[in-house]
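Positions are given from 1, in the same order as the sequence printed here. Computed over heavy atoms, backbone and side chain alike; hydrogens, waters and symmetry mates excluded.
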Amino acid sequence: QVQLLESGGGSVQSGGSLTLSCVVSGLTHSPGSSAHAYCVGWFRQAPGKEREGVASIDSEGRLSYADSVQGRFTISQDNAKTTLYLQMDSLKPEDTAMYYCAAARNPYYEYCAGLEYNYWGQGTQVTVSS
């Protein structure tokens, strides 16, 4: 019973910052499972646009970013690995979207960007104005 809950969205002006949070439960120690490796990440979808991956981190701490956010966004986890963060700096209007956190089990330690994500949060809106 993996659950994810995002928070931290809001409205900012271009050049501003926001930090999104996602509380994750049930992922690393699921009953009946001997596999604890995982990927967690952030996705976003703007109106009329396809969903795109923003950033991800696996259970070994390996990070990945979309080219469009490289150098501006930072993904991280707390020490207990129960909360996922997305620090967004130098925001641009094109960053405006609904942001979702997502998770997937990764027993073979595959690259997170190529993995299908099984569990999704409900989303939090980010709006960047000029």
Nearest-0.5 Å distance, CD1 of residue I57 to SG of residue C39: 10.0 Å
Single-linkage hydrophobic cluster V126~L84, side-chain heavy atoms < 4.5 angstrom: yes
Partner of L86 under side chain to side chain contact (heavy atoms under 4.5 Å, CB included), chosen from T124, V54, T19: V54
Minimum heavy-atom distance A104-L115, with the two atoms named: CB-CD2, 3.7 Å
Path from V40 to Y65 over hydrophobic side-chain contacts below 4.5 Å: yes
K81 side chain reached by L27 side chain, heavy atoms, under 4.5 Å: no
Contact summary for P93 and S130, nearest pair of heavy atoms: CG-OG, 3.5 Å
Check: V69 and M88 side chains under 4.5 Å, non-hydrogen atoms: no
Y100 to G121 - nearest heavy-atom pair and separation: CD2-O, 3.6 Å
Interatomic distance, R44 atom CZ to E94 atom CD [nearest 0.5 angstrom]: 8.0 Å
Shared hydrophobic cluster, L20 / V23 (ILVMFWY, side-chain heavy atoms < 4.5 Å): no
Residue pair Q77 / V24, side-chain heavy-atom distance below 4.5 Å: no
Any donor-acceptor pair under 3.5 Å from S59 side chain to Y38 backbone: yes
S21 and S7 side chains, donor-acceptor separation under 3.5 Å: no
Heavy-atom pair with the smallest gap, counting every atom of S17 and S90: OG-N, 4.3 Å
same_hphob_cluster(M98, F43) at 4.5 Å side-chain heavy-atom cutoff: yes
Derivation and outcome, side chain to side chain contact (heavy atoms under 4.5 Å, CB included), residues W42 and I75: CA-CA 8 Å; W42 292 94; I75 189 170; 3.7 Å; yes
Aromatic plane relationship, F73 with Y99 - under 30° parallel, 30 to 60° tilted, over 60° perpendicular: tilted
Close side-chain approach of Y85 and T74, heavy atoms under 4.5 Å: no
Greater than 12 external heavy atoms within 6.0 Å of Q125's CD: yes
Other residues, nucleotides, ligands: >12 heavy atoms within 6.0 Å of E60 CD: yes
Exam field: side chain Q122 to backbone E6, donor-acceptor pair closer than 3.5 Å: no
Distance, nearest 0.5 Å, that separates CD of E52 from CD of Q45: 9.5 Å
Side-chain touch R62/Y111, heavy atoms, less than 4.5 angstrom: no
Gap separating the OH atom of Y117 from the SG atom of C112, nearest 0.5 angstrom: 4.5 Å
Nearest-0.5 Å distance, CG of residue L4 to OG1 of residue T83: 10.5 Å
